[in-house]
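Single-structure report; data block below.
In each ligand, atom 1 is the first atom listed, and ligand 1 is the first ligand listed.
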Amino acid sequence: MLAEKEDTRFAKSIMVTGVAQGIGFDDVYISPDLAICQECRKELSDPADRRYKFPFINCTNCGPRFSIIERTPYDRKNTTMDFFTMCPKCQGEYEEPLSRRFHAQPNACPDCGPTLVCLDVEMRPYSEDYAALLERGLIGAVKSIGGFHLVCDAKNGDAVNKLRRRKKRETKPFAVMARDIETVKRYCRVSQAEEELLNSDQAPIVILQQVKETELPYFLNPGLNSLGVMLPYTPLHHLLFGSRLEILVMTSGNRSDESIACDNAEALARLRGIADFFLLHDRRILNLCDDSITRVARNRMQIIRRSRGYVPLPIKVQSTPYPVLALGGDLKNTFCLLKGDNAYLSQHIGDLSNKICFNEFAKAIVNYQQYFQANPVVAAHDLHPDYITTRFAQGLGIEMIGIQHHEAHLASCLAENNYGGDVLGLVCDGSGYGQDGAIWGFEFFAGKNGFFKRVAHLEYVHCLASDGMALRPDRMALLYLLQQGEFKDEKRLARYLKLPEGEGALYKRLLASNQNCILTSSCGRLFDAAAAILGICTLNSYEGEAAMRLEALCRERTEDYYPFSIAASDSMKIISVREMWPLVMKDLEKKRDKGYIAAKFHRTVEKMIIETFKVLRQATGISTAALSGGSMQNAFLLSGLLNSLEKEGFIVLIHRQVPPNDGGISLGQAVMAGRL
Ligand code: ZN
Ligand code: ZN
Ligand code: FE
């Protein structure tokens, strides 16, 4: 622990080429951006200090790093702070070895540093203080460390709704920033590990359980009982709260699905019509960096979105003889540059079908190669032929290696756990291209070191090949019920699911003719179907909404579960939930509590996973189990699985430093391609 602390301090102050302890001689070290430190906070609120209320206060222990670096080595002239000339006082601190600001590259003060301006939509300066504007219920576009945030008073329901409307973000939960830890505790339950994480130098968003009786508006996180919370991590954030505000919505400054805006002109253009005022400054952001999202499972951090505060620190993996560039997936994209035993996983980039995100992706790849002096000779990509990342790989003109989506998930989990032995792996997610052309998503593998064999999966169902299935839990429920569990009356089913009656007949015809159909074993679609049958979510307005709402419904665990079967042939086990559906319907008819049914469904999924692992252990003798895929973000499912698997004597590996979702697959692709 002590060693770790030392290491961060070292990390904070300098970027070294080849001298740091524990870092090889060829390694380049670039520090992530760090939250404002205690000393700087004190100066910020001290009327006698020359940096009193200066929004860009920083020192060697805190402030921007990765977001402002243009090229290596990390030196003022190679950052966007080069634009500002230090005044004699600042220069003095910079050169004084005993100063906290000795070689603090972004060092600045009100006389020589960046300037903050507050503008209205007509680009006229506001005379009113920005905190007062927020108090009045206005929406601000605020330039932070790694990009813009859209900000409003989270306790003001009208402001929150206005932001939703303007941002065209229907129900996806907003993250909030609380004034201080005491405020967080008034709205959420906070364990010691969670408190430490909130207060850490990385200052990520931490997903917390909301306290029931709070006066926060429903539309902050509709249908959920968890809330993503962070603490102020820049001096400007502290100033935003003024004297009265307690809790602010802090959401990425973008229209839905775009990447976060980074420069002033771009933000003005993109956020016009959303923001009522703009809080801008003239320190340029070179590398976009969204807020990281984390949560605590069993007292330890798990990362869900790895970005600000964590990148570009490498993940240590087994050394590879040649540099690899792994391009990740098209959604929640990150890429990974692997050089020696350092896997440089990029910041969260987002949905590459969005042009702005794609440009960011291409730019960041160039930056990483320059920063870490790596010329990849192999491009690793997903097997999906139509992925943007696959086509991008084709354009690179270097050797290409295709890696199956779920094998990449599994390899990513093993790599971050530094595990090279025999393993049984389970990967549950929304979708990934399978070698047989089906959409996989509930997959068991056995093997080691990147050589995996698919050994079990959820029984295939037909779904429609046209996209949009992931958006329609109601249609997925119809498809499941038409194919499984002996439901013959398609009109009644459609009515029950509140679909047009004709849709029942149409889908039945399509299934019979096998036209436009594709097979899937997706775990995400299974949860979608269950959520729609329970009537809690018929449309996904964001990825995973139905599953998240289903999870939020579970209040307490139950030992009850629905029947399922595992059909065992030698080469492949097929898990079927055919027998489950009629009994779910029966529970609903009996008006059983939906929270109970949701928990029973979760227990069923848990139980079928455990039983499959046991069958596989018997067949292979392997008793180490690894869990990956976006569905492992389901805390209720994950904790149930951990407890049960350990009770059954399994050693269980899960993700900690790398997201279990598609944000983590580039790491798996990289290590697999580096081994072939
Ligand atoms: Zn500081
Ligand atoms: Zn100065
Ligand atoms: Fe995936």
Side-chain angles (χ1 to χ4, degrees), residues 8-9 12-13 31 33-45 49-51 54 56-65 76 81 84-95 99-115 145 201 203 232-235 238 304 328-334 382-384 387 389 403-413 425-434 439-443 470 520-525 543-544 547 627-633 655 658-669:
T8 1
R9 186 155 313 153
K12 280 171 187 171
S13 53
S31 167
D33 302 309
L34 299 161
I36 180 171
C37 72
Q38 287 306 322
E39 280 117 320
C40 286
R41 267 202 73 180
K42 249 182 247 147
E43 293 172 350
L44 184 69
S45 52
D49 195 275
R50 71 187 190 98
R51 291 190 178 87
F54 177 54
F56 307 98
I57 196 165
N58 68 80
C59 71
T60 44
N61 295 322
C62 73
R65 300 285 187 274
R76 183 154 175 130
M81 282 303 289
F84 306 93
T85 309
M86 275 186 269
C87 68
K89 271 190 188 159
C90 287
Q91 188 69 36
E93 293 165 335
Y94 184 83
E95 284 164 12
S99 162
R100 207 172 87 245
R101 298 204 159 86
F102 178 56
H103 284 189
Q105 308 302 346
N107 189 25
C109 78
D111 291 336
C112 66
T115 323
I145 271 201
D201 289 339
Y233 58 85
T234 71
H238 283 286
I304 289 171
D330 280 12
L331 294 172
K332 291 193 168 69
N333 176 272
T334 65
D382 195 272
L383 280 183
H384 200 306
Y387 262 14
T389 38
I403 308 284
Q404 201 278 325
H405 186 94
H406 301 95
E407 293 188 34
H409 270 298
L410 174 57
S412 157
C413 180
L426 165 70
V427 184
C428 287
D429 68 358
S431 68
Y433 186 85
I439 301 172
W440 295 7
F442 199 125
E443 314 300 321
T520 187
S521 52
S522 160
C523 178
R525 299 299 81 77
E543 196 202 349
L627 309 176
S628 185
S631 306
M632 293 306 145
Q633 280 165 227
H655 286 276
V658 174
N661 59 49
D662 283 9
I665 61 171
S666 59
L667 173 66
Q669 292 172 345

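Of the angles at the Zn ion (ligand 2), the one spanning SG of Cys109 and SG of Cys90 is 110° when given to 10°. For the pair SG of Cys112 and SG of Cys87, the angle whose vertex sits at the Zn ion (ligand 2) is 120° to 10 degrees. Annotation: angle subtended at the Zn ion (ligand 1) by Cys62 SG and Cys37 SG is 120°, to 10°. Rounded to the nearest 10 degrees, the angle SG (Cys59) to the Zn ion (ligand 1) to SG (Cys40) equals 110°.
For the pair Pro660/His409, no side-chain contact is recorded, criterion being any heavy-atom separation below 4.5 Å from C-beta on. Considering only heavy atoms from C-beta on, Arg50 comes within 4.5 Å of Cys90 through its side chain.
Checked against the Fe ion (ligand 3), the N, O or S atom of Asp429 at the shortest distance is OD2. Looking only at its N/O/S atoms, Asp662 has OD1 as the one nearest to the Fe ion (ligand 3).
Within a 6.0 Å sphere centred on CZ of Arg100, heavy atoms belonging to other residues, nucleotides or ligands number more than 12.
With Asn661 as the fixed residue, the side chain to side chain donor-acceptor pair (under 3.5 Å) test singles out one of Glu543, Gln633, Lys332, His655: Gln633.
Aromatic ring orientation, His405 versus Tyr387: perpendicular (interplanar angle above 60°, classes split at 30° and 60°).
The Fe ion (ligand 3) lies at 2.8 Å or more from every N, O or S atom belonging to His406.
Judged purely by distance below 3.5 Å, without hydrogens or angles, the side chains of Asn107 and Glu93 pair a donor atom with an acceptor atom.
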